[in-house]
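Below: one structure, written as structure tokens.
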Amino acid sequence: MATSNYSIGEIVMPKEFFIVISKNNVNLRSRHIDKTKNALGAEQGAYVFLIEWRVQMKNLKGYIFDLDGTVYLGKQLIEGADTTINALLNEGKKVLFLTNKTIESRQSYVKKLHGFNIQANLENILNPTVTLIDYLKEHHPHATLYVIGEQPIKDELTLAGFREGMAPAEVDIVVLSWDRDFHYDHLNFAYQSIKLGAKMIATNPDRTCPVEMGDVPDCAGMIGAVEAVVGRKIDVQIGKPSILTIKAALKLLQLKPEECVMIGDRVETDIRMGIEAGMRTALVLSGITTEEDLRGTVWTPDYVLDSVKGLMSEEKL
């Protein structure tokens with residue numbers, strides 16, 4: 001089935017929510033096409049929806065991008081991410097890069113994005129370390145920490161004025177973040193600290209992190225180990241999809257939720273956060289999530305794209 005300009009592929013699951021529109025290898029799927037499709041037929045409905053999609057994208061003021069699996073995979077730029085993001089910036093849109101990773105500093109993210117020819121500065125980057133520091137300063141300004149994590153998060157916490165305890169009895173808060181050198185001594189120190197009354201704060205709940213050759217275990221591995229031995233859940237979660245991160249992102253953008261779209265490759269963090277915040281949401285299939293993963297999810301994205309390249313598709317109607 002086809003129009004003069006577009007081929008409309010098979011309806012993808014859930015069937016009542018998504019339809020595929022494709023041209024020049026840019027695919028767009030949305031649950032908002034349903035009523036239009038029913039009223040006008042699939043081809044006309046898809047055509048009208050694509051116009052509506054363009055208008056919505058033009059009217060949005062803020063674009064919040066996940067990084068790993070959305071803009072790049074490891075050291076590999078996802079095709080079209082650079083031109084798409086730079087085009088949005090040149091149109092005067094506000095762009096924020098929002099990652100759940102703590103193993104790199106914001107400065108390193110700026111350098112990495114510059115290496116991909118993407119315009120960015122520190123004000124464009126938000127990671128859980130920044131949100132964690134703001135949270136600690138507001139709620140636990142004099143806390144002594146024990147940090148399971150790599151050097152970048154430890155350095156930034158030190159620069160912010162927080163001291164790391166040398167013995168479990170000194171620790172007020174155990175911070176759990178992704179640590180690729182996590183081992184038994186870390187687990188035991190955290191366990192002994194929590195037994196003595198320390199709180200548990202996690203930077204992010206991600207189970208895995210997408211990389212060029214697949215994925216690797218992320219912070220959920222550290223969280224799971226500590227929760228298992230202490231017998232209870234963490235006290236606070238900082239990164240996506242936490243309300244703490246939503247507030248921090250909107251504060252940086254100086255925009256309302258309805259003026260923004262959250263773009264990412266994870267349903268349980270990126271899309272959930274966007275929905276709970278009241279933003280538009282766009283899931284990209286260039287990272288962790290596949291179409292198969294969308295079956296039965298309670299966090300249904302507004303749009304599903306093959307990649308961020310679809311945000312700025314310029315085919316003529």
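Note that the structure is a prediction, hence the values are computed from the model and not measured.
With Glu259 as reference, Lys61 is the one residue of Arg280, Lys93, Lys61, Lys94 to meet the salt bridge (charged side-chain N to carboxylate O under 4.0 Å, His left out) rule. Each of Asn204, Asp66, Asp206 was evaluated against Lys240; a single residue qualifies, Asp66, per the side chain to side chain donor-acceptor pair (under 3.5 Å) test. For the side chain to side chain contact (heavy atoms under 4.5 Å, CB included) criterion with Asp265, the lone passing option out of Val284, Ile271, Val308 is Val284.
Ring planes of Tyr146 and His186: tilted class, angle from 30 to 60°. Between Tyr63 and Phe65, the ring planes lie parallel to each other; the angle is under 30°, not in the 30° to 60° tilted range.
Judged by distance alone, with hydrogens and angles left aside, the side-chain atoms of Ser108 form no donor-acceptor pair with the main-chain N or O of Glu104 at under 3.5 Å. Thr83 contributes a side-chain N or O that, together with a main-chain N or O of Gly80, makes up a donor-acceptor pair within less than 3.5 Å. The backbone N or O of Lys251 sits less than 3.5 Å from a side-chain atom of Gln254, completing a donor-acceptor pair. A side-chain donor-acceptor contact under 3.5 Å links Asp293 to the backbone of Thr290. Between the side chain of Thr289 and the main chain of Leu285, no donor-acceptor pair closer than 3.5 Å is present. At distances below 3.5 Å, at least one donor-acceptor pair connects side-chain atoms of Asn124 with backbone N or O atoms of Asn121. For Ser177 (side chain) and Ile148 (main-chain N/O), a donor-acceptor pair under 3.5 Å exists by modelled atom type. In terms of modelled atom types and a separation under 3.5 Å, the side chain of Thr70 and the main chain of Leu67 share no donor-acceptor contact. Side-chain atoms of Asn188 do not come within 3.5 Å of backbone N or O of Tyr184 as any donor-acceptor pair. The main-chain N or O of Lys154 is found under 3.5 Å from a side-chain atom of Thr158 such that the two form a donor-acceptor pair.
No side-chain heavy atom of Val267 sits less than 4.5 Å from a side-chain heavy atom of Arg272. The side-chain heavy atoms of Leu305 and Leu311, taken from C-beta on, include a pair separated by under 4.5 Å. No side-chain heavy atom of Val174 sits under 4.5 Å from any side-chain heavy atom of Val226. By the 4.5 Å heavy-atom criterion applied to side chains, Ile125 and Gln107 are not counted as neighbours. With contacts defined as side-chain heavy-atom distances shorter than 4.5 Å, the pair Lys195/Val230 does not qualify.
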Side chain to side chain contact (heavy atoms under 4.5 Å, CB included) between Ile201 and Ile234: does it pass, once the steps are laid out?
CA-CA 6 Å; Ile201 297 180; Ile234 58 171; over 6 Å; no
Report the C-alpha separation of Lys101 and Asp68 in whole Å, then their side-chain angles, then the decisive distance to 0.1 Å, and conclude whether the salt bridge (Lys or Arg N to Asp or Glu O under 4.0 Å) test is met.
CA-CA 9 Å; Lys101 283 175 68 175; Asp68 291 279; 3.6 Å; yes
Mind running salt bridge (Lys or Arg N to Asp or Glu O under 4.0 Å) on Lys75 and Glu212 for me, showing each step along the way?
CA-CA 8 Å; Lys75 297 179 181 179; Glu212 293 171 75; over 6 Å; no
Would you check, one step at a time, whether the test side chain to side chain contact (heavy atoms under 4.5 Å, CB included) holds for Ile153 with Leu132?
CA-CA 10 Å; Ile153 185 172; Leu132 171 64; 4.2 Å; yes
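For the pair Arg232 and Ile194, the tightest heavy-atom approach, listed with the atom from each and the gap, is NH2-CG2, 3.8 Å. Thr269 approaches Asn100 most closely through the heavy-atom pair CG2-ND2, 4.3 Å. Pro128 and Ile238 make their closest contact through O-CG2, 3.6 Å (heavy atoms, listed as atom of the first residue, atom of the second, distance). Across every non-hydrogen atom of Gln237 and Gly239, the tightest pair is OE1-N, 2.8 Å. Minimum interatomic distance between Ser193 and Pro168 (heavy atoms only, all atoms of both residues): OG-CA, 3.4 Å. In terms of heavy-atom proximity, Met200 sits nearest to Lys233 at CE-O, 3.2 Å.
Residues Asp82 and Asn117 bring no donor and acceptor atom of their side chains to less than 3.5 Å of each other. Judged purely by distance below 3.5 Å, without hydrogens or angles, the side chains of Thr131 and Asp134 never pair a donor atom with an acceptor atom. Side chains of Asp302 and Thr281: a donor-acceptor N/O pair is present below 3.5 angstrom, by distance only.
A 6.0 Å sphere centred on NE2 of His183 holds more than 12 heavy atoms belonging to other residues, nucleotides or ligands. Applying the 6.0 Å contact sphere to CD of Glu258 captures more than 12 heavy atoms from other residues, nucleotides or ligands.
Ring centroid separation for the pair Tyr72 and Phe116 comes in under the 6.0 Å cut-off.
In this structure, Ile275 is not a member of the same hydrophobic cluster as Leu250, with clusters built from ILVMFWY side-chain heavy atoms closer than 4.5 Å. A single hydrophobic cluster is not seen to contain both Val175 and Phe189; linkage of ILVMFWY side chains at heavy-atom distances under 4.5 Å, directly or through other members, places them apart. Cluster membership for Leu60 and Ile64, using ILVMFWY side-chain heavy atoms within less than 4.5 angstrom, is not shared. Grouping the Ile, Leu, Val, Met, Phe, Trp and Tyr side chains by contacts below 4.5 angstrom, directly or via other members, places Val110 with Val71. Residues Ile85 and Leu77 share a single hydrophobic cluster, defined by chaining ILVMFWY side chains whose heavy atoms lie under 4.5 Å apart.
One finds a salt bridge joining Arg180 and Glu150 here, because a Lys/Arg side-chain nitrogen approaches an Asp/Glu carboxylate oxygen to under 4.0 Å.
Separation of atoms CE (Met213) and CG (Asp215) is listed at 12.0 Å; rounding is to 0.5 Å.
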